[in-house]
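Chain naming here is simple, since letters A, B, ... match the order of the sequence lines and numbering starts at 1 in each.
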Amino acid sequence: MSIVLQIIAVASSLSFLVFVLALVSRGYLKLKYSLLWIALSCSCLIGALFPKLVSALASAIGFLTPSNFVFFFCSFFLLAICLSISGIISKQAQSIVELTQEVALLKSQIDRK
Amino acid sequence: MCNSATATSSKSEVLLIIPAFNEEDSIVDTVERVVSFGYDYVVINDGSKDRTLEICESKGFNVVDLPRNLGIGGAVQTGYKYAKRHGYSIAVQFDGDGQHDIAYVDRIVNAVRGGVDLAIGSRFIGNESQFQSTNMRRLGIKWLSFWMRLFTGSRHSDPTSGFRAAGTRAIDLFCGFYPTDYPEPESIVKACKLGLRVVDVPVSMNERIGGSSSINAFASVYYMIKVTLAIFIIGLQGGR
């Protein structure tokens, strides 16, 4: 890995991590829902800082090239994030249904008085 | 089936849930028929875009107004919650589009009084119903019936029927669990899995007066996949 590429990789993963943390501290992102993003950007940062580690890990598992390993790892992570988002949406949809029903029932009670 | 003499004496324990989504053409007829038969009712306005709510309010109907559209299941579940809070022991879903015939309410209610937890009004048993839907839909219904029979061990001839009476156990169940879209087959499987007694009762249904079916041609493929999958998932859950 050339030094230029490594600098770019470190800088971009570091700035992504900082960006996520900034979103959390400003309240745009709940810490609870940012954990997977923080984990992803931390592992990217570690990989960028120690590319040898990535190569070693890749060949240990049996990937022919480290880039394949990185692609696999990242898409797996993104899948996990997407699934967790669907889970969050489902929970919220359920809450919205229950709240809407509650509002409607309370409204009808008030009207009757 | 027991005699209807007992039925008329205690109609006050029965609540008719009338879900209404854009039913301005038919809601007045439906409610007035229900009132003329002496039943308690509640109209659940499911975020209608037309004048359904205004019409109901100006007529002084008992209406619960959902501020957003939840879909048929969410609306009907609101009715079950209303029934539970107001102490009704039997809740009947009765569609606001004129498909269901008020004359048959006694019949499904009596099935519940006879000890059944959930009575489904079926078009396909007995010779009551002239209107039995299109061939394509009947094929879909056969498909669903087949899988439901496999998972529940019992025959349900009209799984998509929204004309149904629920006793207290079913009301309790549906307050906690009722799918928001296309809830009918799924809720039957769930009820069976939990050991509730579900029976079919022959009824007649009409073609709708106004509005449109919640299942149009485009959505039917999605409908079949979604409902089949739901039957599988709930069917494999086992009783709990």
Query raised in the report: With only heavy atoms counted, which part of A:Glu102 is less than 4.5 Å from chain B, the side chain, the backbone, both or neither?
Result: side chain

Query - Shortest non-hydrogen contact between A:Leu105 and B:Lys81, atoms and distance - result: CD1-CB, 3.8 Å

Query raised in the report: Side chain, backbone, both or neither: which part of B:Thr180 has a heavy atom under 4.5 Å from chain A?
Result: side chain

Query - Closest approach of A:Ser108 to B:Val63 (non-hydrogen atoms, all atoms of both residues) - result: CB-O, 3.9 Å

Query raised in the report: Where does B:Asn45 contact chain A at under 4.5 Å (heavy atoms): side chain, backbone, both or neither?
Result: neither

Query - Under 4.5 Å from any heavy atom of chain B - which part of A:Val103 - result: side chain

Requested in this report: Quick one: closest heavy-atom pair of A:Gln101 and B:Leu70, and the distance?
Outcome: CG-CD1, 3.7 Å

Query raised in the report: Should we say atom CZ of A:Phe50 is surrounded by more than 12 heavy atoms from elsewhere, each under 6.0 Å from it?
Result: no

Report task. To the nearest 0.5 Å, tell me how far B:Glu57 CD sits from A:Asp111 CG. Result -> 7.0 Å

Report task. Write down the atom of B:Asp65, the atom of A:Ala104, and the distance for their closest heavy-atom approach. Result -> O-CB, 3.2 Å

Report task. Might you confirm whether atom CZ of A:Phe19 has over 12 heavy atoms from other residues, nucleotides or ligands at distances under 6.0 Å? Result -> no

